[in-house]
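All heavy atoms count here, side chains included; hydrogens, waters and symmetry mates do not.
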Amino acid sequence: SLMCEAPGSVVTLLCSGIQLYSAERRIADCILADVKRASMCTSAELARLSCSSEATITRLCHKLGFENYRKFQLALARDAMEQQEAQRMRDEGQDELHQALLNILANREEELRATIQAIDTQILSLLRSCEVMEVVSEGGGLPVAFDASIRFSHLGKRCVSSAVHEKNLAFAQTLTPKDILIVLSASGQSARLEEVSAAAKGRNVPVLVITCDSHGPLAQLADYVMTTSNREQRLIEGSHAASLLSPNVLIEVLYYLLRMEEL
């Protein structure tokens with residue numbers, strides 16, 4: 001699977017739905033609770049604060065794509081500076097509503113920047129050259145899948161998308177290596193979408209997965225992974241519906257990039 005070269009923001013990665021074990025989750029929670037404090041900790045101090053071990057911290061750094069703790073710490077320090085700057089702007093806001101809007105805007109801006117940075121030129125050439133496109137999703141992701149299907153058909157592609165799992169599965173079994181299967185899944189796991197992906201893979205069809213979790217079961221099945229950042233948990237505590245802003249914008253940007261090449 002193709003991953004973004006530089007890992008980038010630690011906060012973005014920790015908020016992206018990546019699968020973490022309990023000790024790793026404790027470290028993540030400890031960092032997200034106070035990014036500035038965490039960025040000034042040594043590996044040993046962070047281990048003590050999060051009731052974990054230095055070995056677990058090293059493992060988490062590697063899982064997030066950082067060579068070592070030093071590089072992880074530098075990225076964290078950048079995050080802390082960005083948060084401080086965002087806080088300064090918020091402090092200048094007149095009232096609570098204004099601040100709430102600035103909060104949402106700041107999170108969305110970070111989310112979109114991280115998502116757009118993940119666009120890979122190899123994926124663009126794959127979309128450009130494919131003959132048939134099948135776009136699959138389920139639940140809340142269906143509107144994005146339908147939108148993708150309509151947009152890409154404007155480029156003269158034959159695009160198929162359905163809300164019916166059996167139709168998606170049957171169609172995946174007719175695809176060839178010249179086609180592409182695009183799977184949209186915020187959670188990165190779904191037995192039905194995994195079944196469709198496996199059917200396409202069995203026929204040597206390129207599989208592109210657009211997800212918040214670049215380590216989930218769907219990403220494992222993919223040839224190409226595009227990570228969409230989802231910062232809902234920074235705004236809302238507890239369970240929530242995943243934001244569709246990032247995947248939506250990603251589809252739009254891919255469409256415009258391909259469209260501009262045609263002009």
Straight-line distance of L14 CG to C30 SG, nearest 0.5 Å
11.0 Å

Between R158 and E131, is there a salt bridge with N-O shorter than 4.0 Å?
no

Any luck finding a side-chain donor-acceptor pair between E195 and H165 under 3.5 Å?
yes

Who else is in the cluster with L142 when I, L, V, M, F, W and Y are joined by side-chain contacts under 4.5 Å?
F146

Residues forming a salt bridge (charged side-chain N to carboxylate O under 4.0 Å, His left out) with E45, sequence neighbours excluded:
none

Please identify each residue that fulfils side chain to side chain donor-acceptor pair (under 3.5 Å) with Q189, with sequence neighbours left out.
none

So which atom in A23 and which in S52 form the shortest heavy-atom distance, rounded to 0.1 Å?
O-CB, 4.3 Å

Return the set of residues passing salt bridge (charged side-chain N to carboxylate O under 4.0 Å, His left out) with D29 (not counting sequence neighbours), or none when no residue passes.
R25

Value for OG1 (T211) from CE (M226), rounded to nearest 0.5 Å, stands at 12.5 Å

Contacts of E166 meeting salt bridge (charged side-chain N to carboxylate O under 4.0 Å, His left out) (sequence neighbours excluded), chain-then-number -> none

Can you tell me which residue pairs pass the salt bridge (charged side-chain N to carboxylate O under 4.0 Å, His left out) test with a partner in residues 12-24, sequence neighbours excluded?
E24-R59, E24-K63

Taking only residues two or more places apart in sequence, or in another chain, which ones meet Q84 in a side chain to side chain donor-acceptor pair (under 3.5 Å)?
none

Apart from L74 itself, members of its ILVMFWY cluster (side-chain separation under 4.5 Å) are none

Residues that R26 engages under salt bridge (charged side-chain N to carboxylate O under 4.0 Å, His left out), provided they are two or more places apart:
none

Report, one line per pair, each donor and acceptor closer than 3.5 Å where one atom sits in a side chain of residues 196-210; sequence neighbours left out.
from: S197; atom 1: OG; to: L193; atom 2: O; distance (Å): 2.8
from: K201; atom 1: NZ; to: L221; atom 2: O; distance (Å): 3.3
from: K201; atom 1: NZ; to: D223; atom 2: OD1; distance (Å): 3.3
from: R203; atom 1: NE; to: Q173; atom 2: O; distance (Å): 3.1
from: R203; atom 1: NE; to: L175; atom 2: O; distance (Å): 2.8
from: R203; atom 1: NH1; to: Q173; atom 2: O; distance (Å): 3.1
from: R203; atom 1: NH2; to: L175; atom 2: O; distance (Å): 3.2

Can you list the residues that meet the side chain to side chain donor-acceptor pair (under 3.5 Å) rule with S53, with sequence neighbours excluded?
T56

Distance alone, cut at 3.5 Å: any donor-acceptor contact between the side chains of S161 and E134?
no

How would you list, by chain and number, every residue that makes a ring pair (Phe, Tyr, Trp, His ring centres under 6.0 Å) with Y69, sequence neighbours excluded?
F72

